[in-house]
Amino acid sequence: MKPLHSWEVSIEEAIRIQENLKDRLIPKKTFSSPKTIGGADVAYSTNKNFLFGAIAVLSYPEMKLIDTATAKGEISFPYLPGLFSFREGPILVKAFQGLRVKPDLLIFGGHGTAHPRGLGLASHMGLWFNLPSIGCARTPLLKEFDYPCLSRGSFEWIFLKGKKVGAVLRTKRGVKPVFVSPGHRIDLMTSIPIVLAACQRYRIPEPLRFAHRFSRKMMHGA
DNA sequence: GCGACAG
DNA sequence: ATCTTGTCGC
């Protein structure tokens, strides 16, 4: 795939890139029914110098592991809420290139459009890979939302300037909800049932759980 | 200026 | 994110 831009940019340039890429997002479903779903996650070494990206591809809706790829790299961008993709993006691109089976859709451990400038990690990487993508974060970034009731599947909207940009979704009864928002080539209403279906027994979608496990495994072995 | 702030 | 022991609950 062709790089959309350089990753070695200043904070000001990164923000400008986000504002430009935002208009290229396709906020609607561009696929029929996904046969595979990938999960992307990154682990950080204790010494604070390296990071390890992992992408796991699972069959959908069976959620059986089909393929996986990992990559190691040096941390080259600080952690700044709102600029997360510039920190984890490069290593995820590297991991993605090692995949033998490309997924029909990708779920990221971060936000999509539920982001101050409408371009979280999932949106950014969805554009980069030109794939439908969903953001599924464990904690909120935007603050305008209510908590859903305790039953699995219930949700509340996340708002940004009066617009619904995401959902606080209860993926497991009585357990802290996750924060779902569409990334690229998908809409919010389509994203919710997909994330729910990807959560079999745990709060976190299976593709993300696999990716998390593999990224940590690589970190310990390297 | 101060607090908030995905991982 | 990562560092960590026990501990409460299904």
Side-chain angles (χ1 to χ4, degrees), chain A residues 7 11 14-15 17-18 21-22 39-55 70-95 106-128 133-145 147 150-152 158-161 165-184 188 191 195 199-205 207-209 211-222:
Chain A
W7 289 111
I11 292 174
I15 291 175
I17 287 172
Q18 290 183 324
L21 290 181
K22 175 187 179 181
D41 192 36
V42 176
Y44 296 79
S45 60
T46 312
N47 43 302
K48 214 130 175 70
N49 292 10
F50 301 100
L51 72 176
F52 305 80
I55 296 181
T70 55
K72 173 183 180 177
E74 212 164 289
I75 296 179
S76 58
F77 200 89
Y79 167 62
L80 299 172
L83 294 177
F84 198 44
S85 54
F86 288 87
R87 184 173 171 83
E88 298 199 342
I91 201 63
L92 290 178
V93 169
K94 197 171 168 187
L106 268 167
I107 298 179
F108 292 84
H111 294 96
T113 46
H115 172 282
R117 287 172 293 282
L119 197 98
L121 175 71
S123 314
H124 198 157
M125 302 320 290
L127 280 172
W128 195 285
S133 61
I134 299 174
C136 178
R138 308 189 304 182
T139 60
L141 180 53
L142 299 180
K143 291 303 185 184
E144 199 176 322
F145 64 86
Y147 281 94
L150 301 183
S151 63
R152 170 181 152 89
I158 299 173
F159 293 95
L160 174 62
K161 300 179 211 163
V165 294
V168 187
L169 174 66
R170 193 79 67 177
T171 55
K172 182 174 164 113
R173 171 162 192 96
V175 173
K176 180 182 178 186
V178 295
F179 300 79
V180 178
S181 57
H184 181 47
L188 178 52
S191 304
V195 168
C199 293
Q200 308 270 41
R201 161 150 200 226
Y202 304 96
R203 172 195 176 220
I204 303 299
L208 282 182
R209 297 186 70 244
H212 189 258
R213 231 176 68 213
F214 292 136
S215 63
R216 297 216 53 168
K217 179 188 291 183
M218 190 200 189
M219 175 178 81
H220 288 130

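None of the values given here were measured: they were computed from a predicted structure. Lettering of chains follows the sequences in order, A, B, ..., and the numbering in each one begins at 1. The figures here come from the full heavy-atom set of this structure, side chains too, leaving out hydrogens, waters and symmetry mates.
Within 4.0 Å of A:Ala114, counting heavy atoms only, lies no atom of the nucleic acid at all. When heavy atoms are screened at a 4.0 angstrom cut-off, A:Arg173 is found touching no nucleic acid atom at all.
Separation of the A:Trp7 and A:Phe77 ring centroids does not fall under the 6.0 Å cut-off.
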* Structure fact -> Note, DNA chain C 5' to 3' with Watson-Crick or G-U pairs under 3.5 Å encoded as ( ), [ ], | and . gives ..........
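Panel note: side chain A:Lys72, backbone A:Phe50; no donor-acceptor pair is recorded below 3.5 Å. Of the possible donor and acceptor atoms, none in the side chain of A:Arg203 sits under 3.5 Å from a partner among the backbone N and O of A:Val175. Of the possible polar contacts, none joining the A:Thr70 side chain to the A:Ser215 backbone as a donor-acceptor pair under 3.5 Å is found. Within the 3.5 Å criterion, the main-chain N or O of A:Thr171 finds a donor-acceptor partner in the side chain of A:Arg152. Looking at A:Thr113, its side chain does come within 3.5 Å of a backbone N or O of A:Pro182 through a donor-acceptor pair. Between the side chain of A:Ser181 and the backbone N or O of A:Gly112, at least one donor-acceptor pair lies under 3.5 Å. Side-chain N or O atoms of A:His115 include none that pairs as donor or acceptor with a backbone N or O of A:His111 at under 3.5 Å. Here the side chain of A:Arg117 pairs a donor or acceptor atom with the backbone of A:Gly82 at under 3.5 angstrom.
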Polar pairs (N or O, both sides) under 3.5 Å between protein and nucleotides 5-7 of chain B?
{"residue": "B:dC5", "atom": "OP1", "partner": "A:Lys143", "partner atom": "NZ", "Å": "2.4"}
{"residue": "B:dA6", "atom": "OP2", "partner": "A:Tyr79", "partner atom": "OH", "Å": "2.3"}
{"residue": "B:dA6", "atom": "O4'", "partner": "A:His111", "partner atom": "ND1", "Å": "3.4"}
{"residue": "B:dA6", "atom": "O3'", "partner": "A:Thr139", "partner atom": "OG1", "Å": "3.4"}
{"residue": "B:dA6", "atom": "N7", "partner": "A:Gly82", "partner atom": "N", "Å": "2.9"}
{"residue": "B:dA6", "atom": "N6", "partner": "A:Gly82", "partner atom": "O", "Å": "3.3"}
{"residue": "B:dA6", "atom": "N6", "partner": "A:Phe84", "partner atom": "N", "Å": "3.2"}
{"residue": "B:dA6", "atom": "N6", "partner": "A:His115", "partner atom": "NE2", "Å": "3.4"}
{"residue": "B:dA6", "atom": "N1", "partner": "A:Leu121", "partner atom": "N", "Å": "3.1"}
{"residue": "B:dA6", "atom": "N3", "partner": "A:His111", "partner atom": "N", "Å": "3.0"}
{"residue": "B:dA6", "atom": "N3", "partner": "A:His111", "partner atom": "ND1", "Å": "3.4"}
{"residue": "B:dG7", "atom": "OP1", "partner": "A:Arg138", "partner atom": "N", "Å": "3.0"}
{"residue": "B:dG7", "atom": "OP2", "partner": "A:Thr139", "partner atom": "OG1", "Å": "2.6"}
{"residue": "B:dG7", "atom": "N7", "partner": "A:Tyr79", "partner atom": "OH", "Å": "3.1"}

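Atoms CE (A:Met218) and P (C:dA1) sit 19 Å apart, rounded to a whole Å. Distance CG (A:Asn49) to C1' (C:dA1): 14 Å, rounded to an integer number of Å.
Look at A:Thr46 and you won't find any side-chain N or O under 4.0 angstrom from OP1 or OP2 of C:dT2.
Where pairing requires Watson-Crick or G-U contacts shorter than 3.5 Å, DNA chain B shows no helical stem with at least three consecutive pairs.
Side-chain contact between A:Leu83 and A:Ile15: present, with at least one pair of heavy atoms (C-beta onward) separated by less than 4.5 Å.
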* Take nucleotides 5-10 of chain C nucleotide by nucleotide from the 5' end and write B, S or -, depending on whether a protein heavy atom sits under 4.0 Å from the base, only from the sugar-phosphate, or from neither. => ------
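Partners of A:Tyr147 by ring pair (Phe, Tyr, Trp, His ring centres under 6.0 Å), not counting sequence neighbours, listed by chain and number: A:Phe145.
Cation-pi geometry between A:Arg209 and A:Tyr202 is met: under 6.0 angstrom from the ring centre, within 45 degrees of the axis.
Legend: side chain to side chain donor-acceptor pair (under 3.5 Å) pairs involving residues 82-92 of chain A, not counting sequence neighbours, sorted by first then second residue: A:Tyr44-A:Arg87, A:Tyr44-A:Glu88, A:Ser85-A:His124.
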